[in-house]
Amino acid sequence: MKWRAWTARARKPDYQSISSLAEKVRDRIPAYANGWYTVEREPEAFKEAAMKVVEKGYMGLKFDPFGSGDLELTRKEYNRSIGLIEAVASVLPDYMQMFVEMHGRFSAHQAIEIAKDIERLKPDG
């Protein structure tokens, strides 16, 4: 599309080319929700917030369940974070994607452990 826009501007105005840039391609654009989880870091609160996202018609949601964790999580915080992911996954319809944000902040073995534990929930991010 960038090339086509550049071409349209670089030559004498060709209104057919320019108007085709604005043609409707689809009725809806798939989008995911982010920033929806400004609630207590408790499974029930995350579950309720996720249900509101589903009701709004998003095709996916992204969230960071890890609090202020960095490099390594304590076992207590690890289990709490996994519980939040499970709570969210439990209310998502099959068509909806779940993206779990880790921000590249964990050690390699911690990131691998998290990925293995949540793989069964089929997150996409």
Side-chain angles (χ1 to χ4, degrees):
M1 178 126 159
K2 285 182 181 178
W3 179 84
R4 191 167 185 183
W6 177 82
T7 303
R9 278 183 273 144
R11 61 183 175 189
K12 181 178 167 191
D14 174 353
Y15 295 107
Q16 184 177 5
S17 294
I18 293 170
S19 68
S20 70
L21 292 174
E23 288 178 9
K24 183 176 174 181
V25 177
R26 38 176 100 190
D27 291 325
R28 295 179 66 186
I29 298 172
Y32 68 85
N34 190 15
W36 56 269
Y37 54 98
T38 54
V39 295
E40 292 294 320
R41 287 188 66 241
E42 297 298 329
E44 199 57 38
F46 265 59
K47 188 185 288 190
E48 288 175 20
M51 285 191 291
K52 290 178 184 174
V53 171
V54 172
E55 290 167 6
K56 289 181 180 178
Y58 284 98
M59 299 301 291
L61 54 73
K62 177 173 113 171
F63 67 110
D64 178 350
F66 303 106
S68 60
D70 191 30
L71 292 178
E72 307 264 338
L73 296 168
T74 64
R75 281 294 97 185
K76 182 178 178 181
E77 188 57 35
Y78 184 89
N79 292 330
R80 182 180 190 188
S81 299
I82 298 297
L84 295 174
I85 298 167
E86 290 170 336
V88 169
S90 74
V91 299
L92 299 184
D94 290 338
Y95 67 84
M96 197 162 184
Q97 295 176 295
M98 177 175 69
F99 304 96
V100 178
E101 179 66 77
M102 294 201 258
H103 302 286
R105 66 183 177 194
F106 293 114
S107 64
H109 73 274
Q110 183 72 93
I112 291 168
E113 181 182 21
I114 293 167
K116 284 181 178 178
D117 276 354
I118 66 174
E119 181 178 29
R120 64 189 161 78
L121 303 172
K122 307 231 182 292
D124 295 308

Problem set entry | Derivation of the side chain to side chain contact (heavy atoms under 4.5 Å, CB included) call for Lys52 and Trp36 | CA-CA 9 Å; Lys52 290 178 184 174; Trp36 56 269; over 6 Å; no
Exercise. Met102 and Ile114: side chain to side chain contact (heavy atoms under 4.5 Å, CB included), yes or no, with the steps?
Worked result: CA-CA 10 Å; Met102 294 201 258; Ile114 293 167; 3.9 Å; yes
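At a threshold of 4.5 Å between side-chain heavy atoms, the hydrophobic network of Ile, Leu, Val, Met, Phe, Trp and Tyr places Phe106 and Ile112 in two separate groups.
Surrounding OH of Tyr58 are at most 12 heavy atoms belonging to other residues, nucleotides or ligands under 6.0 Å away.
The pair Glu42-Lys47 does not meet the salt-bridge criterion, since no charged nitrogen lies less than 4.0 angstrom from a carboxylate oxygen.
To the nearest 0.5 angstrom, Phe63 atom CZ is 7.0 Å from Phe46 atom CZ. One distance of note links CG of Asp117 with CD of Glu86; it measures 8.5 Å at 0.5 Å rounding. Summarising the geometry, atom OG belonging to Ser90 is positioned 9.5 Å from atom CG belonging to Leu121; distances are rounded to the nearest 0.5 Å. Rounding to the nearest 0.5 Å gives a distance of 10.5 Å between CG of Leu92 and CE of Met51. Expressed to the nearest 0.5 Å, how far CD1 of Ile82 lies from CD1 of Ile118 amounts to 6.0 Å.
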Atom pairs and distances, donor-acceptor, side-chain atoms in residues 64-73, under 3.5 Å, two or more places apart:
from, atom 1, to, atom 2, distance (Å)
Asp64, OD1, Phe66, N, 2.9
Asp64, OD1, Arg105, NH2, 2.9
Asp64, OD2, His103, NE2, 3.2
Asp64, OD2, Arg105, NH1, 3.3
Asp64, OD2, Arg105, NH2, 3.1
Glu72, OE1, His109, NE2, 3.3
Glu72, OE2, Ser107, OG, 3.1
Glu72, OE2, His109, NE2, 2.9

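Tyr32 contributes no side-chain N or O that, together with a main-chain N or O of Met96, makes up a donor-acceptor pair within less than 3.5 Å.
Under the rule for a side chain to side chain donor-acceptor pair (under 3.5 Å), the partners of Lys62 that lie at least two apart in sequence or sit in another chain are Glu101.
Paired with Leu61 under the rule side-chain contact (heavy atoms from CB on, under 4.5 Å), one option of Val53, Asn34, Val100 passes, and it is Val53.
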